[in-house]
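These notes are about the structure you will find just below.
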Amino acid sequence: QHSSAFIDTFIYGDYVFLVPCRYPDLVRFHTGTGAVDYIRGVGSFTAALVNGEWRRGARCLHRDKLRFFSYDGEKYLTIDAKTLEVEEHSTKFGCSYVEMFPERGDKNIFWLLPNEGTMVRRWDEDTGETMEFNLYLDGMEAWNYYMGHRTNKNYFEGLLPEGFTRKSI
């Protein structure tokens with residue numbers, strides 16, 4: 001499964017952020033000057049080996065901040081893309097999320113897609129308000145290609161809203 005050192009990138013102005021999987025740090029590279037910055041310990045938020053399977057946490061770039069949910073959904077980090085200031089926060093969600101997308105607009109409202117099951121959460125980061133929606137559809141299946149069988153995991157992995165690429169979020 002996730003065997004590479006990095007599993008994703010974000011583009012922010014002249015910066016490229018390399019999101020770690022098996023590397024311990026988030027890397028910020030300035031495309032004009034070649035300067036490289038390391039944000040220590042982000043790798044433990046982005047991916048972990050759990051019961052023999054790689055789990056990754058949801059992440060996005062929105063309104064000048066990178067956000068990373070821990071693989072177990074218990075914590076999240078916000079990192080200012082300009083200053084690299086890091087803040088760690090706790091959640092009480094009790095669920096791991098594989099994808100997160102901001103609602104369009106100027107608020108910090110996100111849609112969190114679960115690693116297991118079909119309960120999707122709409123979360124307002126500023127107020128803490130959440131709403132859950134069960135997006136199960138009759139006949140919906142998920143398949144674990146690595147293990148060769150049906151599963152209740154990863155129904156939503158790899159999805160992006162219409163008109164978005166991971167680099168544009």
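Heads up: numbering here begins at 1 and tracks the sequence. Quantities reported herein were computed from a predicted structural model and do not represent experimental measurements.
Atoms CD and CZ, on Glu88 and Phe68 in that order, are 13.0 Å from each other to the nearest 0.5 Å. Here CE of Met119 is found 9.0 Å from SG of Cys95. Values are rounded to the nearest 0.5 Å. Taking CZ from Phe69 and CG from Asn115, the interatomic distance works out to 13.5 Å, rounded to the nearest 0.5 Å. With rounding to the nearest 0.5 angstrom, the NE2 atom of His89 is 3.5 Å from the OG1 atom of Thr78.
We find that Glu99 and Arg56 are joined by a salt bridge, their nearest charged nitrogen and carboxylate oxygen being less than 4.0 Å apart. Remark: Arg122 engages Glu103 in a salt bridge, criterion side-chain N to carboxylate O under 4.0 Å. Between Asp106 and Arg63 there is no salt bridge, since none of the side-chain N atoms of the basic residue sits less than 4.0 Å from a carboxylate O of the acidic one. Salt-bridge check for Asp80 with Lys65: failed, with every basic side-chain N at 4.0 Å or more from each acidic carboxylate O.
Remark: the backbone N or O of Phe17 is not paired with any side-chain donor or acceptor of Thr9 at under 3.5 angstrom. Checking side-chain atoms of His30 against main-chain N and O of Asp37 turns up no donor-acceptor pair under 3.5 Å. Of the possible polar contacts, one joining the Asp25 side chain to the Gly41 backbone as a donor-acceptor pair under 3.5 Å is found. Between the side chain of Ser70 and the backbone N or O of Lys75 there is at least one donor-acceptor pair closer than 3.5 Å. The backbone N or O of Asp14 sits less than 3.5 Å from a side-chain atom of Thr31, completing a donor-acceptor pair.
With sequence neighbours left out, Glu74 forms a salt bridge (Lys or Arg N to Asp or Glu O under 4.0 Å) with no residue at all.
Here the closest heavy-atom approach between residue Tyr23 and residue Val27 is recorded as CE2-CG2, 4.0 Å. Here the shortest heavy-atom pairing between Ile7 and Thr46 reads CD1-O, 4.1 Å. The two residues Lys82 and Arg28 come nearest to each other via the heavy atoms O-NH1, 3.1 Å.
Ring geometry for Trp123 against Phe93 counts as perpendicular: the plane angle is over 60°, on a 0 to 90° scale with 30° as the lower cut.
Atom OH of Tyr76 has more than 12 neighbouring heavy atoms from other residues, nucleotides or ligands inside a 6.0 Å radius.
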| request: Start with the C-alpha gap between Arg59 and Asp8, add the side-chain angles, then the distance that decides, and say whether salt bridge (charged side-chain N to carboxylate O under 4.0 Å, His left out) holds. | output: CA-CA 9 Å; Arg59 60 204 176 271; Asp8 207 351; 3.1 Å; yes
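The same ILVMFWY cluster, assembled from side-chain heavy atoms under 4.5 Å apart, contains both Tyr12 and Val42.
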